[in-house]
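Both counts, for ligands and for their atoms, begin at 1 and track the order of listing. Counting begins at 1 with the first residue of the sequence.
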Amino acid sequence: VGVAQILDGRAGMREALDGARARTLGLVAHLSDEDLERVVDPIMSPIAWDLGHIAAYEDLWIAHRLGGLDMLRPDLAALYDAFETPRAVRGDLEFLRGAELLAYLEAVRARTVAVTARDGATDLHELVLRHELQHTETMLQTMVLGGLPLPDGCGVPAPVAGRDDDWIALPAAEFLMGAGPDGFAYDNERPRHLVSLAAFRIARRPVTNATWLTFTEGGGYERRPWWSHEAWMWKEEYDIGDCPEGVRTGDPDAPVVHVSWFEADAFARWAGARLPTEAEWERAATWDLDPMDGPGQVWEWTASAFLAYPGFRAYPYREYSEPFFGDRYRVLRGGSCATHPRVAGPTFRNWDLPQRRQLFAGLRLATDHEPTNPTSGRTG
Ligand code: AVJ
Ligand code: FE
């Protein structure tokens, strides 16, 4: 690697960090201080907490761990540590607000710039950059839950071309799943390993609002047979009697969004299909003979629980992935209209609880066999 390339790497990273910051601040510019500071829902942080957390995370990894400097505000470390301070209690904290919050974001960034000029751009920069970009999506989810207006052009999936009965047929194969050893990837995407898959089919496009409405209007939310026991209990407890509002108000050809895993699983059964496993999803997304279409408008729920790949090693810290492994969380693949492209990729694994509806998540169907009962057949 020559000097010119190193300097280019620094300049490129600086630009990417600046771009992420402009995006972050742009997303919240229309909100009042009160909206930034309030708890809109116990499952989300106040948006101002996310903003301070972005800066604290950056200072920890770049100025402190990489640059060897003392933390700018060691007194804030516990407050902004996601594990020490669970979401439900974040509203009660003395997190930074207003001008003090903005000044903290700026001061941390100035330290980052100084350390980067000296030490160059590293994988830790990529971690910090993607962390900020991931939190911009989290903040948009908070706005959805709180009924706050979304900034223009954010969070509304665009229509997708195609038909429901168009399936990609993949033959049985062994394929290499996960990220290779080079370049940045999250710990949970590694190591790359061989997976055997039986033949399967996967829909070329995600399920649309129009198709979901057919499910809803055909009694999808009232009739028991398509729902798992756990899903039905959730539906009863939280009185989920209807599809998300956007199914009716959104573009009929846009992918359905804000459905939970429980609903996606029930829908798939109704459609005579199932959710793809994450291995199937990744194989279809990386298959060069007939790849799935384009960048995602919605995250896609998969059938898979969030588990460690064989040989997993935590990097750069245990809490990024490891505490979430197990059968509680489900994997989402792809990326949404609220996801920055730098975050998403064919090996990226997102995860959340099966009851969550605030995610920009929909689904794509899969089957083991020639589909005999395509969803389009149900519309008559
Ligand atoms: C990968 C989106 C599930 O938000 O919990 C943010 C990303 N990790 N800060 C999350 C993350 C630490 C993570 N998800
Ligand atoms: Fe975080």
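- Atoms of ligand 1 found under 4.0 Å from any heavy atom of Asn350, numbered from 1 in the order shown, are 1 (C), 2 (C), 3 (C), 14 (N).
- For atom 13 (C) of ligand 1, the nearest protein heavy atom (residue, atom name, distance) is Gln134 OE1, 3.9 Å.
- If you look at Phe306 and Phe325, their ring centroids are closer than 6.0 Å.
- Ring planes of Phe324 and Tyr329: perpendicular class, angle over 60° (limits at 30 and 60°).
- Ring geometry, Tyr320 versus Trp351: the interplanar angle exceeds 60°, so the pair is classed perpendicular (tilted spans 30 to 60°).
- Checked against the 6.0 Å centroid threshold, Tyr221 and Trp227 count as a close aromatic pair.
- Considering the Fe ion (ligand 2) as centre, the angle to NE2 of His53 and to NE2 of His131 is 90° (10° rounding).
- Summary of contacts: the protein heavy atom closest to atom 11 (C) of ligand 1 is Tyr320 CE1, 4.0 Å.
- The shortest N or O to N or O distance between His131 and ligand 1 is below 3.5 Å.
- Salt-bridge check for Glu58 with Arg111: failed, with every basic side-chain N at 4.0 Å or more from each acidic carboxylate O.
- Atom numbering of ligand 1 starts at 1 in the shown order; those under 4.0 Å from a heavy atom of His135 are 6 (C), 9 (N).
- Checked against a 3.5 angstrom limit, the closest N/O atoms of Arg349 and ligand 1 fall outside it.
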(request) May I have the step-by-step check of side-chain hydrogen bond (donor to acceptor under 3.5 Å, both in side chains) for Glu174 and Ser196, ending in yes or no? (result) CA-CA 4 Å; Glu174 300 217 300; Ser196 291; 2.8 Å; yes

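- Under the 4.0 angstrom criterion, atom 5 (O) of ligand 1 counts as lacking any protein heavy-atom contact.
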